[in-house]
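Excluded from the calculations below are hydrogen atoms, water molecules and symmetry mates; all remaining heavy atoms, backbone and side chain alike, are included.
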Amino acid sequence: MEAFTVHTGTAAPLRRSNVDTDQIIPAEYLKRITRHGFEDGLFKAWRDDSGFVLNQPQYFGVSVLVAGPDFGTGSSREHAVWALQDYGFQVVISSRFADIFRGNSGKAGLLTALVDQDVVERLWALIESDPSTPVTVDLAAQTISAGDVVASFDVDPYVRWRLLEGLDDIGITLQNEADISDFESARPTFTPTTR
Amino acid sequence: MGKTLAEKVWDAHVVRRAEGEPDLLYIDLHLVHEVTSPQAFDALRATGRPVRRPDLTLATEDHNVPTIDIDKPIADPVSRAQVEALRKNCAEFDVPLFPLGSAEQGIVHVVGPQLGLTQPGMTVVCGDSHTSTHGAFGALAFGIGTSEVEHVLATQTLPLKPFKTMAVTVHGSLPDGVTAKDVILAVIAKIGTGGGQGYVIEYRGEGVCELSMEGRMTLCNMSIEGGARAGMVAPDETTFAYIEGREHAPRGADWDAALAYWKTLVTDADATFDKEVVIEASELSPFVTWGTNPGQGIPLSGSVPSPEDAADDVERASIERALAYMALTPGTPMREIPVDTVFVGSCTNGRIEDLRAAAAVLEGRQVADGVRMLVVPGSAKVRLQAMSEGLDKVFTQAGAEWREAGCSMCLAMNPDKLTPGERSASTSNRNFEGRQGPGGRTHLVSPQVAAATAVTGRFASPADLAR
Ligand code: SF4
C-alpha cells in the first residue's frame, strides 16, 4: 500500500444522503473474480443519467468525493471500497460514515475524512461554483483546505498511522515476520501438511 | 483459574500478543474453494506476495460444480470462470487442489476431516462460514472473509480479537430417532439465530459425547446458524479412532506425541464460560423448520405457529413474513405439509453415515409419486464408499437420483435448484428465502426425516413409516 501523507486533487459533490453500498456498487458485480476493475460498477444506477455529477465533464478526473451523511450503509461488501478506489478516489469526505464501510476503507487505504455537515456544505458550494478548485487533504495535520475553506477532520488514529506508514494489514503482520518464523520452528512435528 | 478448550487452543497459537493490539494467531490449516479466493489471489499477484505456506493450504471445487455430467464443461459462465480461476491460481501459487473429477474432490468441510487433516487442537480457517464443522475434532475452526483469506495466504496468521465462550450442554442420552441435526435445530430454536454472536460454543454432556464424529460435525457445522463464530467438541476416544490411520494422520512416535497432547484438550474443571445453555435430551424429538431462518423450527409433531403466538411486534412481523413466503397457514400440522423435493447432502449431512441413515429408511420403499429426491454425497470418497456398500442401488431403486459430489442444492449456485414455489425437505443448513433457488421454500430436516418424507410425500419420521 502506498503511504498517504498529503493528497491534492479536484473534488466531486455528491448531494445525497444514505448512499448504501448497493448504490455504490450493485450485487451483480460481486460475481467477478478480480480484485480490480470495478470502476464501471461504481454508482451504476446513476451513471446512465447524464445529469449525474460524475457524468459532468467538469468533474472528470476527480479524486476526492464530498458526500452527504450516512455514506456506505448496508451490506458489508468490500467491493464498494474497491470501486471507489478503482474509479480514482483517494478520499471520501462526509459528516457520517457507516462503521463497516469505514473499517473496510481503512484496510484498503481509502481515507474517510469525517467533518461537520457545515464543512460539507461549504465544500459543496465551493466546488460547484468552481469545479477546478484543488482540494488538499493533509493526513498528518488532519486538515482539509480548498479555496477559503479550511477545516480539520477526524480519522481513527490507528487507521491514520497505517495510512501514513503505507501499511496494509498484511504489511503490518509481516513486520513481525521473525515472530512468525519462530512460532513455525517450534510447531510440533505431528501437525499435518497438505502434501 | 482453569481454561476452556477454546482458550487452550487459542493460547497455543498466539504468535504475538501486544497491549492494545489484536492477538496474532497462527493458522494450521487453510482450506480454499473457488468462491471466496479469486480476489485474494489477485491481490497477492498485485502486491508480489507469495503464499507463505502452500503446504498448509488445500483447495477443492465445490460450490459451483454440477453433480451430473461432470465430464462436460461447466455451462454457467460465472461458475466456470470461478472454477477456472481457482485452477490457475493454485497452479501459479503451488497450492494443492482437488479439481472436479479427482478422487478427493468434494465439499471443503467434508474433504478436510476425511483426509485426516483436521485434528484436535488445530486452528482451521476457510473463506466459508461453515468452517465451524471442523470444530467437531476439538479444533478452533471458523470462517473468514476474502481480505482475511489474502492475509492467511500471505502470512499464515490472522490478527484476531478474542471470542467469548459458551457451553451448550446436552444432558442425558438422545432418545431413539433423535439425531445431531435435531439437537442443533433445537439449540438454535432455543438461543435464536443471534444467540451465539461473538461466542465460540463448546458442546458437551452425554448427548454430545455419545455422538459419532459425523454427528458432531453436523452439530458444529450449524453453530453459525446460531450466530456463533465456531463450535467445538472436546476430543475423546471417538475422535482419536476416527483420525487414526487416515492419510494425513500422525504415525508412529508422532501419533503417540499427538495423542498425549490431544488428551489435554478438555475444558478444565474450574474454567468458566461466559454463557451456559442446557438442553435436556429427553425432551428432544425430530425437528423441522417451518420458516425462513434456522431458528424457526419446531418438533415434527407440532403445527405451523401463528403470528398471534409472538412475544413482540418484531417477532410477529417476522413470523408473518415467513409464513407468507413459505405459503403456510398457522395451525397446519407439519406432518400434513406436502413437499416436491427432498435433498440429502451438503456439509451438514452429506457424509457416509448420513447416506447410510437415509438409505436404511428407504430400503425396500419407494419415493412418493411426484416427489423428486436428490442424494448428493459430500465428497467423491463418500460417493465411492456408499457405492461399495450398495447404497446407490437402494437410492436409485427407491426412485431417487444419485449424484456426483458437491454443494449441490444447498445453495443456488450450480444447476441443482428449486423452481419458484417448490417446497423441499432438505438436510442442508440454511432455509433463507431463495437459498435453494429463487422463490424456493426450504424446510431443514435430518437425513432420516428427509428419507421418510420422500416416502410419504409429507413431513414424516421413520417411526411414522413403521406404523
Ligand atoms: S454444502 Fe452448503 S453450507 Fe456447505 S460449504 Fe457448500 S454451500 Fe456452504
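Between A/Thr73 and A/Asn18 the shortest side-chain heavy-atom distance falls below 4.5 Å. Residues A/Met1 and A/Leu163 have side chains in contact (heavy-atom distance under 4.5 Å, counting atoms from C-beta outward). B/Arg80 has its side chain within reach of B/Glu84: a pair of non-hydrogen atoms, C-beta onward, lies under 4.5 Å apart. Annotation: side chain of B/Val152 is not in contact with side chain of B/Arg52 (no heavy-atom distance under 4.5 Å). In this structure, B/Phe93 and B/Pro54 have side chains that are not in contact, with every pair of non-hydrogen atoms separated by 4.5 Å or more. Inter-residue side-chain proximity for A/Ser17 and A/Asp70 is flagged as unmet; no heavy-atom pair is nearer than 4.5 Å. Looking at B/Leu411 and B/His63, their side chains come closer than 4.5 Å, going by heavy atoms from C-beta outward. Annotation: side chain of A/Trp82 is not in contact with side chain of A/Ile25 (no heavy-atom distance under 4.5 Å).
Between chain A and the residues B/Thr47, B/Val95, B/Asp28, the largest count of heavy-atom pairs under 4.5 Å involves B/Asp28. Most heavy-atom pairs under 4.5 Å with chain A: of the set B/Thr118, B/Val78, B/Val35, this distinction falls to B/Val78. The greatest number of non-hydrogen atom pairs below 4.5 Å with chain A, out of B/Asp42, B/Val14, B/Leu158, B/Asp55, is found for B/Asp55. Counting heavy-atom pairs under 4.5 Å between each of B/Ala257, B/Ala40, B/Ala85, B/Gly116 and chain A puts B/Ala257 at the top.
Looking at A/Asn176, only its side chain comes within 4.5 Å of chain B, counting heavy atoms on both sides. At a 4.5 Å heavy-atom cutoff, the contact between B/Ala12 and chain A is made by backbone atoms alone. With a threshold of 4.5 angstrom between heavy atoms, B/Gln119 approaches chain A through side-chain atoms but not through N, CA, C or O. Interface remark: B/Leu115 contributes no atoms to any contact with chain A (heavy atom separation under 4.5 Å). Neither the backbone nor the side chain of B/Glu247 has a heavy atom closer than 4.5 Å to any heavy atom of chain A. Only the side chain of B/Tyr261 comes within contact range of chain A, judged by heavy atoms closer than 4.5 Å. For a residue to count as touching a neighbouring chain, one of its non-hydrogen atoms must lie under 4.5 Å from one of that chain's; by this rule B/Leu58 touches chain A with backbone and side chain alike. In this structure, the portions of B/Ser147 lying under 4.5 Å from any heavy atom of chain A include both its backbone and its side chain. For B/Arg53, the part lying near chain A is the side chain, with the backbone staying farther off; criterion is any non-hydrogen pair under 4.5 Å. In this structure, chain A has no heavy atom under 4.5 Å from any part of B/Asn89. Both the backbone and the side chain of B/Thr155 come within contact range of chain A, each with at least one heavy atom under 4.5 Å from a heavy atom of that chain.
Smallest separation of non-hydrogen atoms from B/Gly112 and B/His134: CA-CE1, 4.4 Å. Among all heavy-atom pairs drawn from B/Pro235 and B/Gly138, the shortest one is CD-CA, 4.0 Å. B/Asn414 approaches B/Val65 most closely through the heavy-atom pair CB-O, 3.6 Å. Taking both residues in full, the closest heavy atoms of A/Ala27 and A/Asp22 are given as N-OD1, 3.5 Å, listed atom of the first, atom of the second, then distance. The two residues B/Ile27 and B/Thr123 make their nearest non-hydrogen contact at CA-OG1, 3.2 Å. When all heavy atoms are compared, the tightest approach of B/Val124 to B/Ala139 is CG2-CB, 4.2 Å.
Taking the six-membered ring for Trp and thresholds of 30 and 60 degrees, A/Phe4 and A/His7 have ring planes inclined between 30 and 60 degrees apart.
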Apply the test side-chain hydrogen bond (donor to acceptor under 3.5 Å, both in side chains) to residues A/Glu78 and B/Thr146: give CA-CA distance (whole Å), side-chain angles for both, the deciding distance (0.1 Å), then the verdict.
-> CA-CA 9 Å; A/Glu78 296 172 77; B/Thr146 295; 5.1 Å; no
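At most 12 non-hydrogen atoms from other residues, nucleotides or ligands lie less than 6.0 angstrom from CD of A/Glu2.
Screening B/Gln82, B/Arg87, B/His33, B/Gln105 against B/Glu61 for a side chain to side chain donor-acceptor pair (under 3.5 Å) leaves a single residue, B/Arg87.
Of residues 90-111 of chain A, no residue lies under 4.5 Å from chain B by any heavy-atom pair. Listed by sequence position, the residues of residues 128-157 of chain A in contact with chain B number zero, using a 4.5 angstrom heavy-atom cutoff. For residues 177-195 of chain A, the interface with chain B (any heavy-atom pair closer than 4.5 Å) comprises A/Glu177, A/Asp179, A/Ile180, A/Ser181, A/Phe183, A/Glu184, A/Arg187, A/Thr189, A/Phe190, A/Pro192, A/Thr193, A/Thr194, A/Arg195, sorted by residue number. Heavy-atom neighbours of chain B within the stretch residues 33-62 of chain A, taken at a separation under 4.5 angstrom, comprise A/Ile33, A/Thr34, A/Arg35, A/His36, A/Phe38.
Here the NE2 atom belonging to B/His30 is positioned 5.0 Å from the CG atom belonging to B/Leu153, to the nearest 0.5 angstrom. Atoms CZ and CD, from A/Arg160 and A/Glu165 in turn, are 10.5 Å apart once rounded to the nearest 0.5 Å. For the atom pair CG (B/Leu24) and CD (B/Gln156), the distance works out to 11.0 Å, reported to the nearest 0.5 Å. Atom OG of B/Ser37 is separated from atom CG of B/Asp128 by 11.5 Å, given to the nearest 0.5 angstrom.
Side-chain atoms of B/Thr60 come within 3.5 Å of backbone N or O of B/Gly106 as a donor-acceptor pair. Under the 3.5 Å distance criterion, the side-chain polar atoms of B/Trp262 are left unmatched by any main-chain donor or acceptor of B/Gly121.
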